[in-house]
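First the structure, in the form of C-alpha coordinates, and then the observations on it.
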There are 2 protein chains.
Amino acid sequence: MTGKESVTNKPTGQTLGEYLANVRTSKQLSLREVEEAAGGIVSNAYLSQLEHGRINKPSPNILHSLAQVYGVPYETLMEKAGYIAAATPDQTASRRHGRVATFAKDNLTKEEEEALLEYLAFLRSKKGKRSL
Amino acid sequence: MTGKESVTNKPTGQTLGEYLANVRTSKQLSLREVEEAAGGIVSNAYLSQLEHGRINKPSPNILHSLAQVYGVPYETLMEKAGYIAAATPDQTASRRHGRVATFAKDNLTKEEEEALLEYLAFLRSKKGKRSL
DNA sequence: GCAGCTTGCTTGAGAAATTTAGCGGACAGC
DNA sequence: GCTGTCCGCTAAATTTCTCAAGCAAGCTGC
(Lines give C-alpha, C1' and ligand atoms only; values in the text may rest on other atoms or scores of the structure.)
Protein backbone atom coordinates (compact mmCIF):
# COMPACT_ATOMS: atom_id res chain seq x y z
CA MET A 1 0.00 0.00 0.00
CA THR A 2 0.96 3.60 -0.33
CA GLY A 3 2.56 4.80 2.80
CA LYS A 4 0.35 7.70 3.45
CA GLU A 5 0.57 8.56 7.07
CA SER A 6 -1.60 11.54 7.45
CA VAL A 7 -3.22 10.20 10.52
CA THR A 8 -3.14 13.12 12.81
CA ASN A 9 -3.85 11.59 16.14
CA LYS A 10 -3.01 13.27 19.32
CA PRO A 11 -2.99 10.89 22.22
CA THR A 12 -5.58 13.03 23.89
CA GLY A 13 -8.55 11.70 25.68
CA GLN A 14 -9.42 9.16 23.07
CA THR A 15 -10.37 5.74 24.26
CA LEU A 16 -8.78 2.69 22.78
CA GLY A 17 -11.88 1.92 20.76
CA GLU A 18 -12.22 5.40 19.39
CA TYR A 19 -8.60 5.49 18.54
CA LEU A 20 -8.68 2.19 16.72
CA ALA A 21 -11.77 3.12 14.78
CA ASN A 22 -10.17 6.40 13.91
CA VAL A 23 -7.02 4.93 12.57
CA ARG A 24 -8.83 2.31 10.59
CA THR A 25 -11.21 4.67 8.88
CA SER A 26 -8.37 7.03 8.18
CA LYS A 27 -6.69 4.29 6.28
CA GLN A 28 -9.93 3.30 4.66
CA LEU A 29 -9.70 -0.27 5.67
CA SER A 30 -12.69 -2.47 6.29
CA LEU A 31 -12.92 -4.68 9.34
CA ARG A 32 -12.44 -7.70 7.20
CA GLU A 33 -9.41 -6.26 5.54
CA VAL A 34 -7.81 -5.68 8.89
CA GLU A 35 -8.62 -9.20 9.92
CA GLU A 36 -6.86 -10.46 6.85
CA ALA A 37 -3.90 -8.15 7.21
CA ALA A 38 -3.43 -9.32 10.76
CA GLY A 39 -3.23 -12.85 9.58
CA GLY A 40 -6.45 -13.77 11.26
CA ILE A 41 -5.22 -12.91 14.70
CA VAL A 42 -8.10 -10.51 15.16
CA SER A 43 -11.48 -11.35 13.74
CA ASN A 44 -13.57 -8.62 12.21
CA ALA A 45 -16.24 -9.31 14.77
CA TYR A 46 -13.81 -8.85 17.57
CA LEU A 47 -12.49 -5.68 16.10
CA SER A 48 -15.98 -4.34 16.01
CA GLN A 49 -16.40 -5.01 19.70
CA LEU A 50 -13.08 -3.41 20.32
CA GLU A 51 -13.96 -0.23 18.49
CA HIS A 52 -17.21 0.00 20.35
CA GLY A 53 -15.55 -0.22 23.70
CA ARG A 54 -17.13 -3.50 24.58
CA ILE A 55 -13.77 -4.86 25.51
CA ASN A 56 -11.60 -3.09 27.99
CA LYS A 57 -8.36 -4.93 27.93
CA PRO A 58 -7.53 -6.89 24.83
CA SER A 59 -4.45 -8.96 25.34
CA PRO A 60 -1.16 -7.37 24.35
CA ASN A 61 -0.56 -9.70 21.44
CA ILE A 62 -3.76 -8.51 19.83
CA LEU A 63 -2.68 -4.95 20.32
CA HIS A 64 0.68 -5.73 18.89
CA SER A 65 -0.87 -7.18 15.83
CA LEU A 66 -3.04 -4.14 15.32
CA ALA A 67 -0.10 -1.84 15.87
CA GLN A 68 1.66 -3.63 13.07
CA VAL A 69 -1.24 -3.49 10.69
CA TYR A 70 -2.04 0.12 11.39
CA GLY A 71 1.51 1.29 11.62
CA VAL A 72 1.03 2.96 14.96
CA PRO A 73 3.29 2.62 17.98
CA TYR A 74 2.59 -0.39 20.10
CA GLU A 75 3.11 1.60 23.26
CA THR A 76 0.26 3.89 22.37
CA LEU A 77 -2.16 1.03 22.22
CA MET A 78 -0.80 -0.52 25.36
CA GLU A 79 -1.22 2.73 27.15
CA LYS A 80 -4.76 3.21 25.96
CA ALA A 81 -5.60 -0.30 27.02
CA GLY A 82 -4.39 0.55 30.49
CA TYR A 83 -1.38 -1.71 30.60
CA ILE A 84 1.05 1.06 31.20
CA ALA A 85 0.07 4.11 33.13
CA ALA A 86 0.30 7.59 31.78
CA ALA A 87 3.68 7.27 30.16
CA THR A 88 5.71 10.37 30.28
CA PRO A 89 7.38 10.50 26.88
CA ASP A 90 10.56 9.77 28.71
CA GLN A 91 10.00 6.29 29.92
CA THR A 92 8.22 4.81 26.97
CA ALA A 93 10.71 2.26 25.94
CA SER A 94 12.82 1.54 28.93
CA ARG A 95 10.67 0.60 31.77
CA ARG A 96 11.84 -1.58 34.49
CA HIS A 97 14.37 -4.23 33.92
CA GLY A 98 16.77 -5.76 36.27
CA ARG A 99 14.56 -8.31 37.88
CA VAL A 100 13.87 -10.33 34.84
CA ALA A 101 17.36 -11.12 33.83
CA THR A 102 18.35 -12.08 37.29
CA PHE A 103 17.22 -15.64 37.09
CA ALA A 104 18.42 -16.00 33.61
CA LYS A 105 22.05 -16.15 34.39
CA ASP A 106 21.92 -18.97 36.80
CA ASN A 107 21.99 -20.33 40.22
CA LEU A 108 23.88 -23.46 39.62
CA THR A 109 26.35 -24.58 42.18
CA LYS A 110 29.62 -25.92 40.95
CA GLU A 111 28.62 -29.42 41.80
CA GLU A 112 25.42 -29.12 39.94
CA GLU A 113 27.16 -27.70 36.98
CA GLU A 114 29.58 -30.57 36.90
CA ALA A 115 26.88 -33.12 37.30
CA LEU A 116 24.94 -31.58 34.50
CA LEU A 117 27.89 -31.40 32.20
CA GLU A 118 28.57 -35.01 32.87
CA TYR A 119 25.02 -35.93 32.23
CA LEU A 120 25.03 -33.93 29.06
CA ALA A 121 28.07 -35.80 27.87
CA PHE A 122 26.28 -39.00 28.64
CA LEU A 123 23.25 -37.86 26.72
CA ARG A 124 25.25 -36.97 23.71
CA SER A 125 27.22 -40.14 23.73
CA LYS A 126 24.16 -42.21 23.28
CA LYS A 127 22.52 -40.01 20.78
CA GLY A 128 21.17 -42.22 18.11
CA LYS A 129 17.59 -41.44 18.19
CA ARG A 130 15.70 -39.99 15.37
CA SER A 131 12.43 -39.12 16.92
CA LEU A 132 10.81 -35.76 16.46
CA MET B 1 -7.47 -35.98 39.94
CA THR B 2 -4.17 -36.98 41.34
CA GLY B 3 -3.07 -37.99 37.96
CA LYS B 4 0.20 -39.69 38.23
CA GLU B 5 0.29 -39.64 34.56
CA SER B 6 3.21 -41.18 32.95
CA VAL B 7 6.20 -39.32 34.12
CA THR B 8 8.03 -40.59 31.20
CA ASN B 9 11.42 -39.09 31.33
CA LYS B 10 11.35 -38.63 27.67
CA PRO B 11 12.19 -34.99 27.35
CA THR B 12 10.80 -34.73 23.91
CA GLY B 13 7.26 -35.29 24.94
CA GLN B 14 6.98 -32.79 27.71
CA THR B 15 3.83 -30.80 27.76
CA LEU B 16 3.84 -27.09 28.34
CA GLY B 17 2.73 -27.59 31.90
CA GLU B 18 5.33 -30.18 32.71
CA TYR B 19 7.99 -28.07 31.18
CA LEU B 20 7.01 -24.97 33.08
CA ALA B 21 6.82 -26.84 36.35
CA ASN B 22 10.17 -28.33 35.65
CA VAL B 23 11.88 -25.08 34.97
CA ARG B 24 10.36 -23.42 37.95
CA THR B 25 11.30 -26.11 40.43
CA SER B 26 14.76 -26.25 38.98
CA LYS B 27 15.17 -22.65 39.81
CA GLN B 28 13.56 -23.16 43.17
CA LEU B 29 11.06 -20.45 42.70
CA SER B 30 7.66 -20.48 44.28
CA LEU B 31 4.55 -19.72 42.31
CA ARG B 32 4.23 -16.43 44.04
CA GLU B 33 7.81 -15.53 43.38
CA VAL B 34 7.28 -16.06 39.71
CA GLU B 35 4.19 -13.96 39.84
CA GLU B 36 6.19 -11.17 41.36
CA ALA B 37 9.12 -11.53 39.00
CA ALA B 38 6.76 -11.33 36.09
CA GLY B 39 5.45 -8.07 37.38
CA GLY B 40 2.08 -9.54 38.13
CA ILE B 41 1.40 -10.52 34.56
CA VAL B 42 0.83 -14.09 35.62
CA SER B 43 -0.92 -14.80 38.86
CA ASN B 44 0.27 -17.67 41.00
CA ALA B 45 -3.11 -19.29 40.65
CA TYR B 46 -2.92 -19.11 36.92
CA LEU B 47 0.54 -20.55 36.90
CA SER B 48 -0.68 -23.46 38.93
CA GLN B 49 -3.38 -24.20 36.37
CA LEU B 50 -0.83 -23.84 33.66
CA GLU B 51 1.52 -26.34 35.21
CA HIS B 52 -1.28 -28.79 35.69
CA GLY B 53 -2.32 -28.64 32.10
CA ARG B 54 -5.67 -27.11 32.85
CA ILE B 55 -5.09 -24.39 30.30
CA ASN B 56 -4.57 -25.18 26.68
CA LYS B 57 -3.46 -22.00 25.11
CA PRO B 58 -2.20 -19.23 27.30
CA SER B 59 -1.84 -16.03 25.37
CA PRO B 60 1.56 -15.31 23.86
CA ASN B 61 2.29 -12.40 26.12
CA ILE B 62 1.97 -14.63 29.14
CA LEU B 63 4.37 -17.06 27.56
CA HIS B 64 6.72 -14.27 26.74
CA SER B 65 6.70 -13.10 30.29
CA LEU B 66 7.45 -16.56 31.57
CA ALA B 67 10.20 -16.99 29.04
CA GLN B 68 11.81 -13.85 30.36
CA VAL B 69 11.51 -14.81 33.98
CA TYR B 70 12.72 -18.34 33.44
CA GLY B 71 15.36 -17.48 30.91
CA VAL B 72 14.16 -20.00 28.40
CA PRO B 73 13.57 -19.39 24.70
CA TYR B 74 10.23 -17.90 23.89
CA GLU B 75 9.91 -20.09 20.84
CA THR B 76 10.01 -23.19 22.94
CA LEU B 77 7.02 -22.11 24.93
CA MET B 78 5.17 -20.96 21.86
CA GLU B 79 5.73 -24.27 20.27
CA LYS B 80 4.61 -26.23 23.29
CA ALA B 81 1.51 -24.12 23.47
CA GLY B 82 0.75 -25.06 19.91
CA TYR B 83 1.17 -21.68 18.32
CA ILE B 84 3.88 -22.76 15.97
CA ALA B 85 4.11 -26.22 14.59
CA ALA B 86 6.92 -28.20 16.09
CA ALA B 87 10.20 -27.16 14.64
CA THR B 88 12.83 -29.64 13.77
CA PRO B 89 15.70 -29.76 16.23
CA ASP B 90 17.97 -28.25 13.66
CA GLN B 91 15.82 -25.22 13.14
CA THR B 92 15.44 -24.67 16.80
CA ALA B 93 19.10 -24.90 17.51
CA SER B 94 20.08 -22.27 15.07
CA ARG B 95 17.09 -20.08 15.24
CA ARG B 96 18.00 -17.56 17.80
CA HIS B 97 20.27 -16.79 20.59
CA GLY B 98 18.15 -16.97 23.64
CA ARG B 99 19.46 -20.39 24.49
CA VAL B 100 19.16 -21.68 27.95
CA ALA B 101 20.71 -19.13 30.11
CA THR B 102 21.04 -21.57 32.93
CA PHE B 103 23.58 -23.40 30.92
CA ALA B 104 24.90 -21.00 28.44
CA LYS B 105 28.24 -22.67 28.08
CA ASP B 106 27.05 -25.03 25.48
CA ASN B 107 24.62 -24.81 22.72
CA LEU B 108 21.96 -27.14 23.85
CA THR B 109 19.30 -28.56 21.69
CA LYS B 110 15.82 -28.33 22.97
CA GLU B 111 15.80 -31.96 23.86
CA GLU B 112 18.99 -31.65 25.80
CA GLU B 113 17.73 -28.66 27.60
CA GLU B 114 14.68 -30.49 28.74
CA ALA B 115 16.60 -33.52 29.79
CA LEU B 116 19.00 -31.44 31.81
CA LEU B 117 16.29 -29.48 33.51
CA GLU B 118 14.62 -32.66 34.47
CA TYR B 119 17.83 -34.10 35.74
CA LEU B 120 18.59 -30.99 37.69
CA ALA B 121 15.20 -31.14 39.31
CA PHE B 122 15.95 -34.72 40.21
CA LEU B 123 19.31 -33.83 41.65
CA ARG B 124 17.94 -31.13 43.81
CA SER B 125 15.06 -33.17 45.00
CA LYS B 126 17.43 -35.73 46.45
CA LYS B 127 19.74 -33.29 47.95
CA GLY B 128 17.54 -32.06 50.68
CA LYS B 129 14.94 -29.59 51.38
CA ARG B 130 14.70 -25.96 50.86
CA SER B 131 16.01 -23.93 53.65
CA LEU B 132 14.43 -20.57 53.65
C1' DG C 1 -39.33 -2.94 -9.12
C1' DC C 2 -37.25 -6.85 -7.13
C1' DA C 3 -34.65 -11.19 -6.80
C1' DG C 4 -29.90 -12.53 -6.02
C1' DC C 5 -25.25 -11.44 -4.73
C1' DT C 6 -21.73 -8.97 -2.40
C1' DT C 7 -19.63 -5.91 1.16
C1' DG C 8 -19.44 -3.66 5.66
C1' DC C 9 -20.73 -3.98 10.22
C1' DT C 10 -22.97 -5.74 14.32
C1' DT C 11 -24.81 -9.08 17.68
C1' DG C 12 -25.31 -13.00 20.94
C1' DA C 13 -24.07 -17.29 22.66
C1' DG C 14 -20.68 -19.94 24.29
C1' DA C 15 -15.94 -21.51 24.93
C1' DA C 16 -11.94 -20.33 26.49
C1' DA C 17 -8.66 -17.54 29.34
C1' DT C 18 -7.51 -14.92 33.56
C1' DT C 19 -8.43 -13.01 38.27
C1' DT C 20 -10.09 -13.02 42.88
C1' DA C 21 -10.77 -15.09 47.06
C1' DG C 22 -10.10 -18.63 49.92
C1' DC C 23 -8.89 -23.34 51.53
C1' DG C 24 -5.79 -26.73 54.26
C1' DG C 25 -1.08 -27.92 55.28
C1' DA C 26 3.67 -27.00 56.80
C1' DC C 27 6.70 -24.38 59.54
C1' DA C 28 8.70 -20.71 62.39
C1' DG C 29 8.22 -17.67 66.62
C1' DC C 30 6.14 -16.75 70.76
C1' DG D 1 -0.20 -25.15 72.78
C1' DC D 2 -1.55 -20.74 69.65
C1' DT D 3 -0.52 -17.11 65.68
C1' DG D 4 1.04 -15.63 61.59
C1' DT D 5 2.97 -16.52 57.16
C1' DC D 6 4.14 -18.92 53.26
C1' DC D 7 3.19 -22.74 50.26
C1' DG D 8 0.47 -24.98 46.29
C1' DC D 9 -3.98 -25.52 44.96
C1' DT D 10 -8.85 -24.82 43.48
C1' DA D 11 -13.72 -23.12 42.77
C1' DA D 12 -16.08 -19.44 41.23
C1' DA D 13 -16.63 -15.07 39.07
C1' DT D 14 -15.16 -12.10 35.47
C1' DT D 15 -13.34 -11.04 31.08
C1' DT D 16 -11.59 -11.94 26.74
C1' DC D 17 -12.16 -13.97 22.33
C1' DT D 18 -14.49 -17.03 18.53
C1' DC D 19 -18.03 -18.47 15.72
C1' DA D 20 -22.21 -18.47 13.44
C1' DA D 21 -25.46 -15.88 12.31
C1' DG D 22 -27.94 -11.40 11.20
C1' DC D 23 -29.05 -6.72 9.16
C1' DA D 24 -28.62 -2.74 6.04
C1' DA D 25 -26.88 -0.81 1.81
C1' DG D 26 -25.07 -1.02 -2.81
C1' DC D 27 -24.77 -3.24 -6.67
C1' DT D 28 -26.16 -6.39 -11.15
C1' DG D 29 -29.24 -8.20 -14.50
C1' DC D 30 -33.93 -9.05 -15.47
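The structure displayed is predicted, hence computed values, not measured ones. We name chains A, B, ... by the order of the sequence lines, and we start the count at 1 in each one.
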Legend entry - Interatomic distance where CD1 belongs to B/Ile55 and P belongs to D/dT15 [whole Å]: 17 Å
Inset, instruction - Name the nucleic acid region contacted by A/Asn44, choosing base, sugar-phosphate or nothing; use a 4.0 angstrom heavy-atom cut-off, strictly under. - result: base
Legend entry - B/Glu35 CD to C/dT20 C1', straight-line distance once rounded to whole Å: 11 Å
Inset, instruction - Could you tell me the separation between the CD atom of B/Glu51 and the P atom of D/dC7, rounded to a whole number of Å? - result: 14 Å
Inset, instruction - Side chain of B/Ser43 only, please: which of C/dT20, C/dT10, D/dT16 is the nearest? - result: C/dT20
Inset, instruction - Tell me, please, whether B/Tyr83 has B/Lys57 positioned over its six-membered ring: NZ or CZ under 6.0 Å from the ring centre and within 45 degrees of its axis? - result: yes
Legend entry - Rounded interatomic separation in angstrom, taking CG from B/Asn61 and P from D/dT16: 13 Å
Inset, instruction - Whole angstrom is fine here: how far is it from OH in A/Tyr46 over to P in C/dA15? - result: 18 Å
Legend entry - Nearest heavy atoms of B/Gln49 and B/Ile55, plus distance in Å: CB-CD1, 3.5 Å
Inset, instruction - Give a yes/no answer on whether the side chain of A/Ser48 brings an N or O atom under 4.0 Å of OP1 or OP2 in C/dT11. - result: no
Inset, instruction - Kindly say if A/Arg32 contacts the phosphate of C/dC9, meaning a side-chain N or O under 4.0 Å from OP1 or OP2. - result: no
Legend entry - B/Leu16 side chain near B/Leu63 side chain, heavy-atom distance below 4.5 Å: yes
Inset, instruction - Taking only the side-chain nitrogens and oxygens of B/Arg54, find out if one of them lies under 4.0 Å from OP1 or OP2 of C/dA16. - result: no
Inset, instruction - Kindly point out which of C/dG8, D/dC9, D/dC17 is positioned nearest to the side chain of A/Ser30? - result: C/dG8
Inset, instruction - Give the rounded distance in Å between these two atoms: NZ of B/Lys57 and C1' of D/dT16. - result: 15 Å
Inset, instruction - Taking A/Thr25 for its side chain and A/Gln28 for its backbone only, find out whether a donor-acceptor pair lies under 3.5 Å. - result: no
Legend entry - Value in whole Å for how far the P atom of C/dA17 lies from CD of B/Gln49: 10 Å
Inset, instruction - Measure from CD on B/Glu33 to P on D/dC9 and round the result to the nearest Å. - result: 15 Å
Inset, instruction - Compare all side-chain heavy atoms of A/Glu51 with those of A/Leu47 and state whether any distance is below 4.5 angstrom. - result: yes
